[in-house]
A.B. asks: 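Pasting in a structure now, in structure tokens, and then I'll have a few things to ask.
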Amino acid sequence: MTQFQSPLLRLLDERGYIHQLTDAGALDALTLKQVVPGYIGFDATAPSLHVGSLVQIMMLRRLQQAGHKPIVVMGGGTTKVGDPSGKDESRKMLTAEGIQANIASIRTVFERLLVFGDGPTDAVMVDNDEWLSQLGYVELLRDVGPHFTINRMLTFDSVKLRLEREQPLTFLEFNYMILQAYDFRELASRVGCRLQMGGSDQWGNIVNGIELTRRMDGTEVYGLTTPLLTTADGAKMGKTAAGAVWLNEDQLPAYDFWQYWRNADDRDVGRFLRLFTDLPLDEIARLEALDGSEINAAKVALANAVTTLVRGVESATAAEATAAATFAGGGIGESLPVLDCAEGDIGLIDALVGLKFAASRGDAKRLISGGGARVDGEAVADEGYRIVLGGNEVRVSSGKKKHGIVRRIAGG
């Protein structure tokens, strides 16, 4: 572990955020002398970010905790272009109205995790469409183009991988790295931004921005990336068999969000506690040292802490209560997904599809034939099984970890 002098880099280092740094000594010294504005850019391609972006949001939170200024850059402009990093295909084009609606929705999560305002260390959110849409094409070619060579751009992984796989890389996307580099230069000029952070896949883009800013304005700026974040079994963070783990409540119920963390691999618990919670390091050390079934207490602590940060304490409390009722007492908690029925009974296949435990009737049949479907805790192997509701709520389960409620609505 490197012996940094500044509280910021010590904090990031101790909690496992640092993978690559440009001129670590100079950045360490700068953060001791002044408030350093630092930014991370986020796409606006959906109404919510997912768990894969949470490590970046937490980096901005750490920046603020250490007395510096977080800048959240929403890619209203670059979303119109598309980042080829980690992609095999071109992304779908969104309307300007759709992009702005996504930004408004995404902001709600940042407002829980950062303090926004006008103070020297208060967070700000900006949209790179403000300057990119005003940038003339000839101006871009004349002023920015000479600082990039096609030879070097072709060496970046985001470009090489697409070309090696013979996947189309449009000229539109090829320009993304130039626009992101211009973002850094523009932020350095507008608000004195001196640091860009991001995932390790953004290293090339960050270095481009540093060099462009130095060449055009003579300003020294710095870059920092986090390690590629995967789970212990090698899966990409934020992806499950059921789909993306969204940060916003509208895209994913609080119980499912809580359960994602509760189901973390034993080997990931300590790392996740350091990255995604504010628990003290000595408490994290105690929790990750738990053995056997006791590690479940650490997983509950992880789920509660992350859900409280992202969704609020009420959501965390309700999700834990639901889990306790579902797994311990066999009861039904209030936060489980609910399927309302107008009739007095419903086929199990329809219930599994309605609760989104199966993507299709075929998937539901395979789940039932494989022994993964349960009604009130009892396995059901009959594809034609009908759930009789009467006036009761019935618990339907997919495997051991997904549970929902089927109930008859009043007057049905």
Side-chain angles (χ1 to χ4, degrees), residues 1-2 4 6-19 38 40 49-68 70 109-115 121 123 197 199 224 226-232 237-238 245-249 252 254-324 327 335:
M1 190 172 285
T2 308
F4 294 111
S6 67
L8 172 62
L9 294 188
R10 282 206 308 267
L11 174 62
L12 294 177
D13 194 31
E14 289 169 350
R15 288 192 171 259
Y17 292 95
I18 298 178
H19 177 57
I40 300 177
L49 301 174
H50 60 67
V51 162
S53 297
L54 188 56
V55 69
Q56 311 304 332
I57 302 173
M58 290 300 294
M59 283 246 285
L60 291 173
R61 183 176 174 86
R62 303 301 183 211
L63 187 74
Q64 191 165 52
Q65 287 172 338
H68 300 281
V109 168
F110 283 98
E111 287 174 338
R112 287 191 183 275
L113 290 153
L114 301 174
V115 177
T121 64
M197 301 181 290
L224 187 158
T226 57
L228 177 66
L229 199 59
T230 57
T231 56
M237 192 74 188
V245 182
W246 300 105
L247 299 182
N248 283 55
E249 182 82 24
L252 185 73
Y255 175 77
D256 293 331
F257 183 80
W258 187 93
Q259 199 65 36
Y260 173 78
W261 301 99
R262 170 61 182 81
N263 291 337
D265 189 294
D266 293 0
R267 296 165 291 177
D268 286 327
V269 172
R271 184 165 57 111
F272 287 179
L273 284 165
R274 279 185 286 275
L275 290 172
F276 300 114
T277 81
D278 288 338
L279 292 179
L281 292 175
D282 56 353
E283 173 65 4
I284 293 173
R286 182 189 72 78
L287 288 169
E288 70 177 328
L290 295 174
D291 286 328
S293 62
E294 288 186 348
I295 194 68
N296 289 329
K299 294 182 182 182
V300 170
L302 170 67
N304 282 338
V306 180
T307 305
T308 297
L309 280 175
V310 177
R311 299 293 185 83
V313 66
E314 290 182 3
S315 292
T317 303
E320 183 181 13
T322 293
F327 297 110
S335 296

A.B. asks: Among L63, I40, L8, I18, exactly one meets side chain to side chain contact (heavy atoms under 4.5 Å, CB included) together with L224. Which residue is that?
C.D. replies: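 Testing L224 for a side chain to side chain contact (heavy atoms under 4.5 Å, CB included) against L63, I40, L8, I18 leaves exactly one candidate, I18.
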A.B. asks: Measure up the F272 and F276 rings against each other and bin them: parallel (under 30°), tilted (30 to 60°), perpendicular (over 60°).
C.D. replies: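 Correct class here is perpendicular.
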A.B. asks: Given side chains that start at C-beta, do those of L290 and V269 come closer than 4.5 Å, heavy atoms only?
C.D. replies: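 Side chain of L290 against side chain of V269, heavy atoms only: no contact under 4.5 Å found.
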A.B. asks: Please check this pair: side chain of E249 against backbone of R311, looking for a donor-acceptor N/O pair closer than 3.5 Å.
C.D. replies: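 Side chain of E249 to backbone of R311: no pair is present.
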A.B. asks: If you look at every heavy atom in L273 and T277, which pair is closest and at what distance?
C.D. replies: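 For L273 and T277, the tightest heavy-atom pair comes out as O-OG1, 2.6 Å.
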A.B. asks: Which atom names give the shortest non-hydrogen contact between A123 and Q64, and what distance separates them?
C.D. replies: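 The answer is N-NE2, 3.4 Å.
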A.B. asks: Could you tell me the separation between the CD atom of E111 and the CG atom of L114, rounded to the nearest 0.5 Å?
C.D. replies: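 Atom-to-atom, E111:CD and L114:CG are 9.5 Å apart.
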A.B. asks: Can you tell me which residue among N263, D265, D266 is in a side-chain hydrogen bond (donor to acceptor under 3.5 Å, both in side chains) with K299?
C.D. replies: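 That would be D266; it is the only one of N263, D265, D266 passing the side-chain hydrogen bond (donor to acceptor under 3.5 Å, both in side chains) with K299.
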A.B. asks: Do L275 and L229 make a side-chain contact, defined as non-hydrogen atoms from C-beta onward lying under 4.5 Å apart?
C.D. replies: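 With C-beta onward as the side chain, the pair touches.
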A.B. asks: Quickly, which of T317, T307, N304, T308 forms a side-chain hydrogen bond (donor to acceptor under 3.5 Å, both in side chains) with W258? Name it, please.
C.D. replies: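 The passing option is N304.
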A.B. asks: Is atom CD of E283 surrounded by more than 12 heavy atoms (other residues, nucleotides or ligands) closer than 6.0 Å?
C.D. replies: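 For E283, atom CD is crowded (more than 12 foreign heavy atoms under 6.0 Å).
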A.B. asks: Within this structure, what is the NE2-CG distance for the pair H19 and L12, rounded to the nearest 0.5 Å?
C.D. replies: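 Nearest 0.5 Å value for the NE2-CG distance: 14.5 Å.
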A.B. asks: Please find the pair of heavy atoms, one from T231 and one from M237, that lie closest to each other, and give the distance.
C.D. replies: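 Nearest heavy atoms, T231 then M237: CG2-SD, 4.2 Å.
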A.B. asks: In Å and rounded to the nearest 0.5 Å, what is the CG to CG distance from L54 to L113?
C.D. replies: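 So the CG of L54 and the CG of L113 are separated by 7.0 Å.
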A.B. asks: Please round to the nearest 0.5 Å and tell me the distance separating atom CG of L252 and atom OH of Y260.
C.D. replies: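 That separation rounds to 11.0 Å.
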A.B. asks: Considering residues at least two apart in sequence or located in another chain, which fulfil the side-chain hydrogen bond (donor to acceptor under 3.5 Å, both in side chains) criterion with T226?
C.D. replies: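 With neighbours one apart ignored, the set is Q56.
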A.B. asks: Does any non-hydrogen side-chain atom of L309 lie less than 4.5 Å from one of D278?
C.D. replies: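 When only atoms from C-beta onward are counted, L309 and D278 do touch, with a gap below 4.5 Å.
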A.B. asks: Closest heavy-atom contact between A319 and A254?
C.D. replies: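 Between these two residues, the closest heavy atoms are CB-O, 4.2 Å.
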A.B. asks: Got a second to check how far E14's CD is from L9's CG, nearest 0.5 Å?
C.D. replies: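 Nearest 0.5 Å value for the CD-CG distance: 11.0 Å.
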A.B. asks: Within the 4.5 Å heavy-atom criterion, are W246 and V109 side-chain neighbours or not?
C.D. replies: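 With C-beta onward as the side chain, the pair stays apart.
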A.B. asks: Indicate whether any N or O donor in one side chain lies under 3.5 Å from an N or O acceptor in the other, for Q259 and R262.
C.D. replies: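 No - no donor-acceptor pair under 3.5 Å links their side chains.
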A.B. asks: Say you draw a straight line from OG1 of T230 to CG of D268; how long is it, rounded to the nearest 0.5 Å?
C.D. replies: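 The distance works out to 8.0 Å.
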A.B. asks: L279 and L287: which non-hydrogen atoms are nearest, and at how many Å?
C.D. replies: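 Smallest heavy-atom distance, with atoms named: CD1-CD1, 4.1 Å.
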A.B. asks: Return the minimal non-hydrogen interatomic distance between E288 and R274, and the atom names on each side.
C.D. replies: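 Taking every non-hydrogen atom into account, OE2-NH1, 2.9 Å.
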A.B. asks: Could you tell me if the side chain of M58 sits less than 4.5 Å from the side chain of R15, heavy atoms only?
C.D. replies: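 No. Closest side-chain heavy atoms not under 4.5 Å.
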A.B. asks: Less than 6.0 angstrom from the centroid, inside 45 degrees of the normal: does R62 satisfy that with respect to the ring of Y17?
C.D. replies: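 Because its charged atom misses either the 6.0 Å distance or the 45° angle limit, R62 does not stack over Y17.
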